[in-house]
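The model shown is predicted, which means the values in this text are computed figures rather than measured ones. Side chains are part of it too, since the values below use all heavy atoms of this structure and drop only hydrogens, waters and symmetry mates. Numbers restart at 1 for each chain; the letters A, B, ... are given by sequence-line order, proteins then strands.
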Protein chains: 2
Amino acid sequence: MGACKEQNYCAYQNTDVFTDETFQLLKDIMYSQKIEKDQYLFLDDDTANKLYYVKHGQIKITKMNEEGKELVLYIFQDGDLIGELANSGEARYSFSAKAARDTEVGVIQQKDLETLIWQHGNVAVEFMRWMGIMHKITRSKFRDLMLYGKNGALCSTLIRLSNSYGRMTADGIVLSNKFTNTELAELVGTSRETVNRMLSQLKKENVIKTNKDGTIVIADLAFLKEACHCEDCPKEICRV
Amino acid sequence: MGACKEQNYCAYQNTDVFTDETFQLLKDIMYSQKIEKDQYLFLDDDTANKLYYVKHGQIKITKMNEEGKELVLYIFQDGDLIGELANSGEARYSFSAKAARDTEVGVIQQKDLETLIWQHGNVAVEFMRWMGIMHKITRSKFRDLMLYGKNGALCSTLIRLSNSYGRMTADGIVLSNKFTNTELAELVGTSRETVNRMLSQLKKENVIKTNKDGTIVIADLAFLKEACHCEDCPKEICRV
DNA sequence: TTCTTGGTGTGATTTTTATCACACATAATG
DNA sequence: CATTATGTGTGATAAAAATCACACCAAGAA
């Protein structure tokens, strides 16, 4: 796993923790499922007895509040594994998973995985690593979104996006994916207008710019890091 | 483990996921360490190669921001296990752990635990359960602190405190522990004054009251649940 | 082409939250 | 006892963020 570990700005897959052997075992027990853009892979409160491996596409893990606002907790993409090792037979998802574009996933039954874990000690250990990383991602976002206001939250989100979608160019780091202000707002936990105003300000200060096609270019990463008091977490943690 | 699972308002210990056999194995590899109130068990950025079992006392996991404000992520107490299964040899803590009162912990060396995990398949599985629960706690707090403003954040924190410290009485749920407004503010991610004003309001609406000794009594749990759109998570998750 | 849709950019206003300032408790200490 | 701490309660004000309103733009559909 991990074809491009040495390269700058190459998105980490959270399955990079698995050895090729383990990953092959996982592949053997997964079956394929296609899911169209804007469809839900699972819903908040559904029975949680599967894990999903994203073959290609994009899945957003979201929490809807009562007023209809969405908070996007993670964006998973090619090579990522989604789900939890449920603590008992009757676990439920506490979030929803929505395809942000046409996606193909490999479905892994909880039970099949459990068998694998019992049979292969190293699979268990690798899964513990994976779980540890996923938890670190959550905690680091928690910190970023709570500690330095909405501006710090936006700046940290831009840094995370640069790790997940960035490509180094002469201009700076180009985010290969387009994000609307609304989408950014859902990642940051703020309103569309606030994101727009903060982005305008960042443009004015030459921290970022936008290409004609609407993609964002980060010209001054250091400024963003300063704004959220970045702790330079490894890229497997600092992601959306 | 889990002497009082059926009882109302009896704090869950996060080690309740372990079987007695596993727990005995853990006890066999831990050694004791005493730590005085206000001392740190570990600091942000220290090498993370140990886990800690709280024998008795109280440990707060905190994140300090640059302006000196503290965010309290968890409060661990008797029977709780603290730490992470590090993903490699060179992990570091991303938070600090401070004794909120005189505390005795059992120290578990990462390496000893790893040996245990390799030798006993069920230890691995139980640790995965434990990790899963810890992650769920983090995610549910994330939701609570982000989604319904500072008032929702305070109300959810009061509910969590009721699960961790509550005792049922005729008056309502008494929190057996005293918390200053500042301590609550650190749990909620707001200022001392804002907590004070929100608590005053809740008192006026007869949702809570305070005893002479300063402890809080929750008279109207339903009101608090409404304020944060509580999803009635199990008590092992809904804790501070 | 025109119309619709989804997105951007920005003023004006309101609401929420933080900050400052200080009076007043109460407990701990010499 | 007086004297420090530490904590509470609240007004006044400032700052941050959300909300409302609307002009404008670009892409795609009719």
Undergrad: Is any side-chain nitrogen or oxygen of A:T190 closer than 4.0 Å to OP1 or OP2 of D:dA18?
TA: yes

Undergrad: How would you label the contact of A:G214 with the nucleic acid (heavy atoms, under 4.0 Å): base, sugar-phosphate, or nothing?
TA: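 No contact at all - A:G214 keeps every heavy atom at 4.0 Å or more from the nucleic acid.
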
Undergrad: Counting only side-chain nitrogens and oxygens, does A:K203 get under 4.0 Å of the OP1 or OP2 atom of C:dG9?
TA: yes

Undergrad: Is B:K69 touching bases, backbone alone, or none of the nucleic acid, heavy atoms closer than 4.0 Å?
TA: sugar-phosphate

Undergrad: Pick out the pairs of N or O atoms, protein on one side and nucleotides 20-25 of chain C on the other, that lie under 3.5 Å.
TA:
from: C:dC20; atom 1: N4; to: B:E193; atom 2: OE2; distance (Å): 3.3

Undergrad: Determine whether B:N177 and B:R101 make a side-chain contact, defined as any pair of heavy atoms from C-beta on separated by less than 4.5 Å.
TA: yes

Undergrad: Under 4.0 Å between a side-chain N/O of B:N196 and OP1 or OP2 of D:dT8, yes or no?
TA: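 The answer is no; no side-chain N or O of B:N196 sits under 4.0 Å from OP1 or OP2.
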
Undergrad: Return the value, rounded to whole Å, for the distance between atom CG of A:L71 and atom P of D:dA18.
TA: 12 Å

Undergrad: Is there a donor-acceptor pair under 3.5 Å between the side chain of A:S176 and the backbone N or O of A:Y165?
TA: yes

Undergrad: Any salt bridge between A:D80 and A:R239, counting N to O under 4.0 Å?
TA: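 Looking at A:D80 and A:R239, the cut-off is met.
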
Undergrad: Under 4.0 Å, heavy atoms only, any strand: does B:S191 hit a base, just the sugar-phosphate, or nothing?
TA: base

Undergrad: Are A:S200 and C:dT10 close enough that a side-chain N or O sits under 4.0 Å from OP1 or OP2?
TA: yes

Undergrad: Between the side chains of B:R143 and A:S94, does any donor sit under 3.5 Å from an acceptor?
TA: no

Undergrad: If I take atom CD in residue A:E67 and atom P in nucleotide C:dT15, what distance separates them, rounded to the nearest angstrom?
TA: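 About 15 Å, once rounded to whole Å.
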
Undergrad: Could you tell me whether the phosphate oxygens of C:dA18, OP1 or OP2, come under 4.0 Å of any side-chain nitrogen or oxygen in A:K150?
TA: no

Undergrad: Would B:F179 and B:V240 count as a side-chain contact (heavy atoms from CB on, under 4.5 Å) here? Give the steps.
TA: CA-CA 13 Å; B:F179 295 95; B:V240 282; over 6 Å; no

Undergrad: Measuring to OP1 and OP2 of D:dA18, would you say a side-chain N or O of A:T194 lies under 4.0 angstrom away?
TA: yes

Undergrad: Rounded off to whole Å, could you give me the CG-to-C1' distance for the B:L202 and D:dG9 pair?
TA: 15 Å

Undergrad: In whole angstrom, what separates B:D213's CG from D:dT8's C1'?
TA: 15 Å

Undergrad: Taking atom types as modelled and ignoring hydrogens, do the side chains of B:T215 and B:D213 form a donor-acceptor contact shorter than 3.5 angstrom?
TA: yes

Undergrad: May I have the distance from B:K37 (atom NZ) to C:dA28 (atom P), rounded to whole angstrom?
TA: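 Result: 12 Å.
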
Undergrad: Compare every heavy atom of B:L187 with every heavy atom of B:L161, then report the nearest pair and how far apart it is.
TA: CD2-CD1, 4.4 Å

Undergrad: Expressed as a whole number of angstroms, how long is the span from B:M198:CE to C:dT16:C1'?
TA: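 Rounded to the whole Å, the gap is 11 Å.
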
Undergrad: Would you mind reading off the distance between B:Q201 atom CD and D:dT10 atom C1', rounded to a whole angstrom?
TA: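 To the nearest whole Å, that distance equals 14 Å.
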
Undergrad: Write down the distance between CG (A:L145) and P (D:dA16), rounded to a whole number of angstrom.
TA: 18 Å

